Number of protein chains: 4
Amino acid sequence: MKKNKPKYMQIIDAAVVVIAENGYHQAQVSKIAKQAGVADGTIYLYFKNKEDILISLFQEKMGTFVEKIQQKIAGKESAVEKLLMMVKLHFQLLSEDHHLAIVTQLELRQSNKDLRLKINDVLKNYLQVVDQILLEGKEKGEFSPELDIRLARQMIFGTMDETITSWVMNEQRYDLPSLAPSVHQLLISGCGYKS
Amino acid sequence: MKKNKPKYMQIIDAAVVVIAENGYHQAQVSKIAKQAGVADGTIYLYFKNKEDILISLFQEKMGTFVEKIQQKIAGKESAVEKLLMMVKLHFQLLSEDHHLAIVTQLELRQSNKDLRLKINDVLKNYLQVVDQILLEGKEKGEFSPELDIRLARQMIFGTMDETITSWVMNEQRYDLPSLAPSVHQLLISGCGYKS
Amino acid sequence: MKKNKPKYMQIIDAAVVVIAENGYHQAQVSKIAKQAGVADGTIYLYFKNKEDILISLFQEKMGTFVEKIQQKIAGKESAVEKLLMMVKLHFQLLSEDHHLAIVTQLELRQSNKDLRLKINDVLKNYLQVVDQILLEGKEKGEFSPELDIRLARQMIFGTMDETITSWVMNEQRYDLPSLAPSVHQLLISGCGYKS
Amino acid sequence: MKKNKPKYMQIIDAAVVVIAENGYHQAQVSKIAKQAGVADGTIYLYFKNKEDILISLFQEKMGTFVEKIQQKIAGKESAVEKLLMMVKLHFQLLSEDHHLAIVTQLELRQSNKDLRLKINDVLKNYLQVVDQILLEGKEKGEFSPELDIRLARQMIFGTMDETITSWVMNEQRYDLPSLAPSVHQLLISGCGYKS
DNA sequence: CATGAATGAGTCTTCATTCAT
DNA sequence: CATGAATGAAGACTCATTCAT
């Protein structure tokens, strides 16, 4: 298992730092190696090529992300509560790792279409978590019975994404997690929840 | 005025075609020149550099975009109706120009941070249109008095953006404009409108 | 036509010099460009890639080679005389261009199998010239009627090649063309000619 | 003595297989180590560097080669018979070891000039065997008294080499040893033998 | 003796931009 | 105004060799 090798995560963490501080197009392999404290060639003992570093970065970081969210919302009774927990956690996790926020919201989007398609694959797990919540909300009568799951999901992702990106582009000058309740309110109202 | 020179728009239109068909990173200046039917050097008589082509592209196309939307919503009485018209028109205009849809939703996002910041400047006009609608909605009592304008705007842009991007990534296989009413419903509900 | 562009031949001639003086593996594109007096990028206006330079080099130089030989032997009456002229000319042409001799006999053989296969294609014309002479010799009764054309051709090429390579590896310290009559005598005797 | 260590030959044999099956430029030290069933570092306990493997390979294989030929021709009375035996044996030995044929005729020629010079040193023993035969042939009156030993030797090596290389490049599709008598006939005729 | 993880030097190619005509 | 030939900087990846265990 790759993850057990210490240098694997060491290189991924270095990549996050380098990309966040230099930008996607200025994140040369040699710079990542230097930041990780290894030789250039060592990178290629753990990753097939540069793209593989970026995909792995996304998988590792987003994997953790989705796992944490799934754990936390498991205990919540209602879809509305689950959604609140999800938005809170999502905002909080990115808020706690400014480098990661920059990388996922701004830099990694400059990658080419191939890489973006692979990134989308990684996101499918997250997508299913949201769909699950929406379905539960409809079944329990919290949300409108006419709610279109796909469109609602796109609203949720789109809104969170836009909110976070704005925050990052404003150089994270205000507190993101404290926006979670308001954003949550917008989303559940959109889903037809009567508060 | 640049716009009066026929080759100016000729080059911009060529850029849209070339980027849509080849992708952002395969859209070399020489390819755009060839598509436009001019010499490589001629490009630099009308544009400062390659970035300038892309910014101008966005300005011209989005300028038209916002103008058309402003004209159309001027006649509408309520904020709810204006928002519906806006979503409809936005979806319709991109639906009618598949190349432009690909370029704005997928390809231009691969540009670097600097260019994206300049693109955001261009979007500020659109942003003000939305803010205007939201303000009117609050004043007229259509929307919740507690509505946070900035967050609501981010929801609107984020939701429309995510919806359109999904449609483009699905290779425009379904009819986008027909989704407008449902998306509109999500948005106004989110804004606190009681239907 | 490529050949009309002066820089095309300029680059090929530079490649011969650089390869002869530095060896195949030390003949970087930048070195060839410098020798040719052009920028690195200019190379790629005339050649697809580095391999293309080498193939073109062989085609141009060997093309001239075979043409000159064909012209000269056209006037000869007998196969024996034609063969003599061919050996003489072959030795003389390489003797006059020491750089080319090094490149074709030593350096270009270090190329990979793909390139060597393409080089062999170029040599097929030469091969046909030899086969023609051998056929004529058999028909006119100069050579043995049992002569195996393919083996005889391999003897002729193999012997000339080995002779020239030895001369090159001995740093061209003796006069090669003066060996032509003796080599010719070996070859026609091998073909069954009774002198 | 190196040869007594079992891993020494094990590595050389592995090198022959790896080079024959992957080509000279794809024969990495790690691949040879894997094929030999040892660790990369172990190679360097038996060989100074990669070049040393190749030279040793040539020495071991060609040493055997020349020894076998010397044994076999010792019993022959005439130079003509000795030459026939030599050609036969040379063709037969390579015909029996397809991997070795590929390595010596095609792959090892891609090595750089230095290595090729060292390979030539190894060949000097073989060269002396041929010179011996030619001298004997001249003394016994089998061959022409005017025969130039050096050129004749180059004819013999050149012709055999070209014949074998053609056979290898034609993927060994025909029977090489059966060509020996015809090739022998060409060579002794070239040397002035009257049959 | 044997291992194998780690090292780090070296090069082809692209393409935005210029400028002489 | 228009041309298009020429420029030249910049970076991912391989693999022979070492050395701590």
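Only a predicted model underlies this, so the values are computations on that prediction, with no experimental measurement involved. Letters A, B, ... are given to chains in the order of the sequence lines, protein chains preceding strands, and every chain is numbered from 1.
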Paired to dT14(F) by Watson-Crick or G-U wobble criteria (both distances under 3.5 Å) is dA9(E)

Which heavy atom in Met62(B) sits nearest to a heavy atom in Val122(B), and how many Å separate them? CB-CG1, 4.1 Å

Check whether any side-chain nitrogen or oxygen of Tyr46(C) sits under 4.0 Å from OP1 or OP2 of dA5(F), and answer yes or no. no

Which residue, His25(B) or Val38(A), contacts DNA chain E at a nucleotide closer to its 5' end, judged by nearest heavy atom? Val38(A)

dG4(F), dT7(E), dT7(F): which one has an atom nearest the side-chain heavy atoms of Ala39(C)? dT7(F)

Under 3.5 Å side-chain donor-acceptor pair for Gln10(A) and Lys7(A): no

Round to the nearest Å and state the distance from Ile43(D) atom CD1 to dA5(E) atom C1'. 16 Å

Let me know the distance between OH of Tyr8(C) and P of dA6(F), rounded to the nearest Å. 15 Å

Is there a Watson-Crick or G-U wobble partner for dC19(E) with both distances under 3.5 Å, and which nucleotide is it? dG4(F)

Rounded distance in Å - CD (Gln26(A)) to C1' (dG11(F)): 10 Å

Between Gln105(B) and Asp161(B), do the side chains contain an N or O donor and an N or O acceptor separated by less than 3.5 Å? yes

State, without any angle test, whether Gln35(B) and Asp13(B) hold a side-chain donor-acceptor pair at a distance under 3.5 Å. no

Quickly work out the Ile11(C) CD1 to dT13(E) P distance and round it to whole Å. 14 Å

Could you tell me how far apart Lys34(C) (NZ) and dT11(E) (P) are, to the nearest whole angstrom? 14 Å

May I have the distance from Ile32(C) (atom CD1) to dT13(E) (atom P), rounded to whole angstrom? 11 Å

OP1 or OP2 of dA6(F) less than 4.0 angstrom from a side-chain nitrogen or oxygen of Lys7(C), does that happen here? yes

Could you give the OH-to-C1' distance, from Tyr44(D) to dC1(E), as a whole number of Å? 17 Å

Whichever of Gln28(B) and Asp40(A) has the more 5' nearest nucleotide on DNA chain E, that residue is Asp40(A)

Strictly below 4.0 Å: does Lys31(B) bring a side-chain N or O up to OP1 or OP2 of dC15(E)? no

In this structure, how many angstroms lie between the C1' atom of dT14(F) and the CG atom of Leu45(A), rounded? 11 Å

Closest heavy-atom pair, Tyr44(A) versus Asn49(A), reported as atoms and distance to 0.1 Å, is CE2-CA, 3.9 Å

With a 4.0 Å cut-off on heavy atoms, is Val29(A) in touch with a base, just the backbone sugar-phosphate, or nothing at all? sugar-phosphate

Is the phosphate of dA6(E) approached by Thr42(A) (side-chain N or O, under 4.0 Å from OP1 or OP2)? no

